[in-house]
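Remarks on the structure that follows.
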Amino acid sequence: MADNLFKKKVLVAMSGGVDSSVAALLLKEAGFELTGMTMCLGIRQEEGRASCCGGDAIDDAKRVCDQLGIPHFVFDFAPLMEDLVIGKFISEYVKGRTPNPCVDCNRYLKFGALLQKAIGLGFDYLATGHYARIEQKDDRWRLLRPEDKNKDQTYFLYPIKKDDLPHVLFPLGGMKKDEVRARAIEAGLHVAQKAESQDICFVNEGGYRKYFEERNVSLPAGDIVDRTGKVLGRHSGIINYTIGQRSGLGISAKAPLYVLGFDATGNRVIVGDKEDLFASGLTVGDLNLLTNDLPEEVDAKIRYRKKPARCRIIKESDKLRAIFFEPQESITPGQAFVFYSDDEVLGGGVIENVIHSE
RNA sequence: UGGGGCGUCGUCAAGCGGUAAGACACAGGAUUUUGGUUCCUGCAUUCGGAGGUUCGAAUCCUCCCGCCCCAG
């Protein structure tokens, strides 16, 4: 493997942050023929805000590339970003669902259009600074959770196609975040102390609701009701709410109220107690399977930063039905359902419906 | 305008002479490559108003104001 290393061409996607910069650094040190690239996503950035894309990102990435002595290019992905990620983000919310734009960015951009472009340009690999591992074991390529379980980003990476796994590199998969930052400092990278990126990258101060306002995306106001249909208050349009949401309802009650779901025909938001949030199963669409033989039971996550929960899965044509051993809180259509066997991601998809009994 | 009851934070609500609990809501912060959750912090010098009794009152007395109920 070391023999071929020098001939392998890698395109490293650089956001201008610490992680992707160190990823580039490591690949450079490993002797790959490296090219740095930053996606221009057409995003205007507020001062002092850290993000995975846009803003000063390009300048920062370029400086790191200069320091590493590798070429740097900017690819224009703004139109695709608008159509596939932001457009879907908005249309999903309008439908009363809660999208996960980071998953879609990976699905359509990074490991979709960008990866295809890289391969088309003759690169052997696309590398990113994600915390995840890809390994070939037993003649199969596997997407695995990283060494740093606290930074595990596999939940966002499930859309990578099985056949593309051999073309993707995650140099940080075996490292802890602390080590990455230490490495950046040691190498004198100017981005070493940059803050973690967080929040939706195309949304600035004020959150996504303000973003909708700025883009003139709005839906009519309506009633907030309890499960019996009793009117408790008013909502400002279904796009401003998501299942499990507590704050922003403006209703005082004996105990906090949570959004249980939506009544589309009546344009109503249904709220209830925390215990009403639990459901036993769900159905999944937009499946991406990373293995050919699915086990009957898996450990699955219905949201980022949550411990996987045991469930039974049943494949139904191009969909999946999952029934949890223990009821799960706030299962939300539009969010990702990602399932694992130990550290391996077996696949994932988008939650379509919630199953309340079974 | 005869009788009875009640007025404490945006809402609900403790307090019953000893110097304003709590919950919900709200705001800020922490956590986080989505949204949501969660966690931490803040939030009535003042108890419908005005007098009075008392060392001391939201708590007792008087009057006024505003609600509610039962008879009308």
Side-chain angles (χ1 to χ4, degrees), chain A residues 13 15-20 39 41 43 49-54 57 85-86 88-90 92-110 128-132 146 148-159 170 172 177 180 194-203 205-212 224 232-234 238-262 269 271 273-278 301-307 328-338 348 350-351 354:
Chain A
S15 67
V18 204
D19 293 334
S20 56
M39 296 191 291
L41 300 175
I43 294 159
R49 229 180 100 83
S51 169
C52 62
C53 36
V85 179
I86 298 178
K88 181 174 173 183
F89 177 76
I90 294 172
E92 285 284 280
Y93 261 112
V94 167
K95 282 185 233 165
R97 293 162 44 113
T98 307
N100 189 324
C102 292
V103 166
D104 285 328
C105 181
N106 288 332
R107 185 197 315 277
Y108 300 116
L109 301 193
K110 295 189 187 108
T128 72
H130 285 107
Y131 287 84
D148 192 339
K149 299 292 186 273
N150 195 44
K151 295 296 295 182
D152 180 7
Q153 291 172 319
T154 52
Y155 179 77
F156 298 99
L157 295 170
Y158 82 82
F170 295 135
L172 307 187
K177 179 76 190 193
V180 171
K194 235 174 132 173
E196 297 285 291
S197 68
Q198 52 184 244
D199 299 337
I200 304 170
C201 73
F202 52 88
V203 164
E205 195 66 36
Y208 82 93
R209 295 180 183 83
K210 190 174 171 206
Y211 179 76
F212 281 147
I224 295 177
L232 301 178
R234 295 285 292 172
I238 274 172
I239 50 172
N240 294 318
Y241 304 84
T242 185
I243 291 176
Q245 179 174 332
R246 169 182 174 173
S247 51
L249 297 174
I251 303 167
S252 71
K254 302 240 167 178
L257 293 172
Y258 298 85
V259 174
L260 303 182
F262 306 100
V269 170
V271 300
D273 298 325
K274 191 178 187 66
E275 60 193 53
D276 300 327
L277 243 24
F278 289 83
K301 284 166 77 157
I302 56 169
R303 58 170 45 74
Y304 182 59
R305 215 148 240 293
K306 186 182 190 308
K307 293 211 170 22
Q328 298 296 299
E329 185 178 341
S330 304
I331 297 173
T332 309
Q335 291 289 296
F337 172 86
V338 182
V350 178
I351 297 171
V354 181

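All values reported here derive from a predicted model rather than from experimental measurement. First the proteins, then the strands, lettered A, B, ... as listed; each starts at 1.
One interatomic measurement links the two molecules: OH of A/Y155 to P of B/U32, which rounds to 17 Å at whole-angstrom precision. The NZ-P distance, from A/K307 to B/U31, rounds to 18 Å in whole Å. Taking atom CG of residue A/L249 and atom P of nucleotide B/A25, one finds them 8 Å apart after rounding to whole Å. Between A/K210 atom NZ and B/U34 atom P there is a gap of 19 Å when expressed in whole angstrom units. A/Y131 places its OH atom 12 Å from the P atom of B/U32, with the value rounded to the nearest Å. What separates CD1 of A/I224 from C1' of B/C24 is a distance of 14 Å, to the nearest Å. Atom CG of A/L232 and atom C1' of B/G10 are 17 Å apart (whole Å). A straight line from CG of A/L109 to P of B/U34 spans 17 Å, rounded to a whole angstrom.
Atom C1' of B/A21 sits at a distance of 14 Å from the matching atom of B/C12, rounded to the whole Å. Here, B/A27 and B/G17 have their C1' atoms 36 Å apart, quoted to the whole Å. The gap from the C1' atom of B/C9 to that of B/A44 amounts to 5 Å, rounded to the nearest Å. Taking the C1' atoms as reference points, B/G7 lies 47 Å from B/U32, given to the whole Å. For B/A57 and B/A23, the C1' atoms lie 27 Å apart once the distance is rounded to whole Å. With P as the reference atom, B/A58 and B/U46 are 11 Å apart, rounded to whole Å. Taking atom P on both nucleotides, B/A14 is separated from B/C55 by 32 Å, rounded to a whole Å. B/G29 and B/C61: their C1' atoms are spaced 49 Å apart (whole Å).
Of the possible polar contacts, one joining the A/D152 side chain to the A/T154 backbone as a donor-acceptor pair under 3.5 Å is found.
Judged by Watson-Crick or G-U wobble contacts below 3.5 Å, the nucleotide B/A27 has B/U41 as its partner. When both distances must be under 3.5 Å, the Watson-Crick or G-U wobble mate of B/U54 does not exist.
If you take OH on A/Y158 and CG on A/N106, they are separated by 9.5 Å, rounding to the nearest 0.5 Å.
When side chains are defined from C-beta on, A/D104 does not count as touching A/N100, because their heavy atoms never get closer than 4.5 Å. A/N150 has its side chain out of reach of A/K177: every pair of non-hydrogen atoms, C-beta onward, lies at least 4.5 Å apart.
Within the nucleic acid shown, A/I251 comes within 4.0 Å of sugar-phosphate atoms alone, with no base atom in reach, counting heavy atoms only. At a threshold of 4.0 angstrom between heavy atoms, the contacts of A/G233 with the nucleic acid are absent. As judged by a 4.0 angstrom heavy-atom cut-off over every strand, A/K306 is placed among residues making no nucleic acid contact.
Aromatic pair A/F212/A/F89: ring centres closer than 6.0 Å.
Applying the salt bridge (charged side-chain N to carboxylate O under 4.0 Å, His left out) test to pairs two or more places apart or on separate chains, those with a residue in residues 328-337 of chain A are A/K274-A/E329.
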Side-chain atoms of residues 241-250 of chain A: list all donor-acceptor pairs with protein atoms under 3.5 Å, sequence neighbours left out, distances to 0.1 Å.
| unit_1 | atom_1 | unit_2 | atom_2 | d |
| --- | --- | --- | --- | --- |
| A/Y241 | OH | A/S236 | N | 3.2 |
| A/Y241 | OH | A/S236 | OG | 3.4 |
| A/T242 | OG1 | A/T98 | OG1 | 2.5 |
| A/Q245 | OE1 | A/R209 | NH2 | 3.1 |
| A/Q245 | OE1 | A/T242 | N | 3.0 |
| A/Q245 | NE2 | A/S247 | O | 3.0 |

Got a list of protein N/O to nucleotides 35-40 of chain B N/O distances below 3.5 Å?
| unit_1 | atom_1 | unit_2 | atom_2 | d |
| --- | --- | --- | --- | --- |
| B/G35 | O2' | A/Y93 | OH | 2.9 |
| B/G35 | O6 | A/R303 | NE | 3.0 |
| B/G35 | N2 | A/T332 | OG1 | 3.0 |
| B/G36 | OP1 | A/R209 | NH1 | 3.2 |
| B/G36 | O2' | A/G244 | O | 3.0 |
| B/G36 | O2' | A/Q245 | N | 2.9 |
| B/G36 | N2 | A/R303 | NE | 2.7 |
| B/U37 | OP1 | A/R246 | N | 2.8 |
| B/U37 | OP1 | A/S247 | N | 2.9 |
| B/U37 | OP1 | A/S247 | OG | 3.2 |
| B/U38 | OP1 | A/R246 | NH1 | 3.4 |
| B/U38 | OP1 | A/Y258 | OH | 2.5 |

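A/Y155 and A/Y304 have tilted rings, their planes meeting at an angle from 30° to 60° on a 0 to 90° scale.
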